[in-house]
K.L.:
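Submitted below is the structure of interest, expressed as structure tokens.
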Amino acid sequence: MKKVIRVLIIGIVFAALIGGYYFYLTTRNGSGAQNETAKQTEVQKLLDEDLINNYPTTPRSVIKMYNRFLKCMYNEKYSDNEFLQMIKNQKELLDSELAAHNPEPQYTESMRKDVKQCKEEERTIRNATVCSGNEVIYKKTKKGECAYVTCTYFMKVGSNYQTTNQRYVLRKDDAGKWKILVYYLIRGEQ
């Protein structure tokens with residue numbers, strides 16, 4: 001009889017442990033890095049990107065990263081420090097020649113004015129579509145290997161929508177990284 005009671009008590013303890021663990025798993029909010037990542041804003045996620053050690057490898061991926069910066073700057077809320085960090089990180093994607101034509105204080109102020117104007121006009125980037133890998137044009141020039149990438153921006157302006165196309169010219173630097181050399185608006189047929 002004592003043996004049966006002992007087995008019954010051990011069974012009840014194990015059932016309680018399993019039930020308690022199940023309850024813990026189903027009601028917890030999450031923990032660790034996964035939960036912290038889920039709580040981060042898109043701006044914080046973007047600023048956590050390591051462009052020095054994890055630089056985009058293709059011209060398309062460079063433009064996709066650049067577009068993430070644009071969408072955050074024009075669409076999201078952020079602090080002044082986050083804005084300055086986004087500008088700094090965004091400039092990592094620019095070719096040295098383009099960066100030289102846009103020195104730090106002027107570039108930051110120009111971006112600040114542009115973002116302010118867009119927010120006043122209620123202009124946001126709803127979607128940015130980069131051309132397919134087959135549509136990227138590669139050319140060799142005197143200054144190095146270049147790639148031409150087209151991007152379509154679908155924007156909301158107040159209660160209206162508009163689409164613009166932009167062509168980015170990227171040049172491979174000495175380290176083999178694709179950097180944005182120039183970009184311009186495409187009007188009409190390409």
Side-chain angles (χ1 to χ4, degrees), residues 41-76 78-119 123-155 162-190:
T41 66
E42 180 61 23
V43 172
Q44 292 166 335
K45 289 176 189 175
L46 184 59
L47 292 178
D48 283 347
E49 293 281 343
D50 182 6
L51 291 178
I52 303 297
N53 296 315
N54 194 23
Y55 192 83
T57 56
T58 66
R60 288 182 72 243
S61 59
V62 171
I63 299 307
K64 286 180 179 182
M65 179 63 72
Y66 185 77
N67 287 338
R68 281 184 67 195
F69 280 108
L70 292 180
K71 285 178 82 173
C72 282
M73 285 183 204
Y74 291 109
N75 299 358
E76 303 293 329
Y78 43 80
S79 69
D80 193 54
N81 285 339
E82 288 173 324
F83 177 76
L84 295 173
Q85 187 63 43
M86 281 192 287
I87 292 291
K88 180 183 175 204
N89 291 0
Q90 183 190 42
K91 284 192 81 168
E92 289 292 326
L93 301 172
L94 304 182
D95 185 87
S96 58
E97 194 173 321
L98 180 58
H101 287 290
N102 293 286
E104 185 58 43
Q106 290 88 348
Y107 184 72
T108 301
E109 192 56 37
S110 171
M111 285 300 295
R112 213 182 281 278
K113 285 179 185 175
D114 194 44
V115 167
K116 182 181 178 191
Q117 180 181 355
C118 284
K119 289 190 180 203
R123 180 185 305 262
T124 57
I125 300 171
R126 305 305 283 178
N127 191 22
T129 306
V130 178
C131 67
S132 74
N134 297 337
E135 296 173 316
V136 176
I137 300 167
Y138 293 93
K139 292 185 179 179
K140 293 212 182 246
T141 65
K142 293 177 186 176
K143 292 189 173 187
E145 189 177 352
C146 291
Y148 298 80
V149 179
T150 304
C151 186
T152 301
Y153 294 97
F154 183 66
M155 295 179 288
Q162 71 182 50
T163 303
T164 61
N165 295 310
Q166 203 151 305
R167 168 90 27 92
Y168 290 89
V169 181
L170 294 93
R171 180 170 56 185
K172 201 177 257 190
D173 69 5
D174 295 335
K177 295 178 180 178
W178 290 101
K179 302 280 189 158
I180 300 170
L181 177 63
V182 68
Y183 51 91
Y184 52 90
L185 192 63
I186 301 173
R187 298 188 188 277
E189 293 294 318
Q190 297 182 27

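Computed from a prediction, not measured in an experiment: that's the story for all the values here.
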K.L.:
Please report the interatomic distance OG1(Thr108) to CD(Gln106), rounded to the nearest 0.5 Å.
P.N.:
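So the OG1 of Thr108 and the CD of Gln106 are separated by 9.0 Å.
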K.L.:
May I ask you to decide if Arg123's main-chain N or O and Tyr74's side chain share a donor-acceptor pair within less than 3.5 Å?
P.N.:
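Not a single qualifying donor-acceptor pair exists.
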K.L.:
Should Lys71 and Glu42 count as an ion pair when the cut-off is N to O under 4.0 Å?
P.N.:
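Glu42 and Lys71: not salt-bridged.
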K.L.:
What's the separation between atom SG in Cys146 and atom NZ in Lys179, rounded to the nearest 0.5 Å?
P.N.:
14.5 Å
K.L.:
Distance check, rounded to the nearest 0.5 Å: Tyr66 atom OH versus Tyr168 atom OH?
P.N.:
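With rounding to 0.5 Å, OH (Tyr66) is 5.0 Å from OH (Tyr168).
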K.L.:
Is a side-chain donor or acceptor of Asp173 paired with a backbone partner of Lys177 at a separation under 3.5 angstrom?
P.N.:
yes
K.L.:
With a 4.5 Å cut-off on side-chain heavy atoms, are Tyr183 and Val169 touching?
P.N.:
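The answer is no, as the side chains (C-beta and beyond) never meet within the 4.5 Å cut-off.
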K.L.:
Once rounded to the nearest 0.5 Å, what's the spacing between atom NZ of Lys91 and atom CD1 of Ile180?
P.N.:
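Going from the NZ atom of Lys91 to the CD1 atom of Ile180 covers 12.5 Å.
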K.L.:
Considering non-hydrogen atoms only, spot the tightest contact between Cys72 and Tyr78 and give its length.
P.N.:
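Closest approach of Cys72 to Tyr78, heavy atoms only: O-CE2, 3.3 Å.
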K.L.:
Mind checking the OG1-CG spacing from Thr124 to Leu70? Nearest 0.5 Å is all I need.
P.N.:
13.0 Å
K.L.:
Compile the donor-acceptor pairs under 3.5 Å between side chains in residues 83-90 and protein atoms, sequence neighbours left out, one pair per line.
P.N.:
residue: Gln85; atom: NE2; partner: Asn89; partner atom: OD1; Å: 2.8
residue: Gln90; atom: OE1; partner: Tyr107; partner atom: OH; Å: 2.8

K.L.:
What closest approach, in Å, do Glu76 and Lys119 show between heavy atoms, and which atom pair accounts for it?
P.N.:
O-NZ, 3.1 Å
K.L.:
Can you tell me which residue pairs pass the ring-ring contact (aromatic ring centres under 6.0 Å, His included) test with a partner in residues 125-146, sequence neighbours excluded?
P.N.:
Tyr138-Trp178
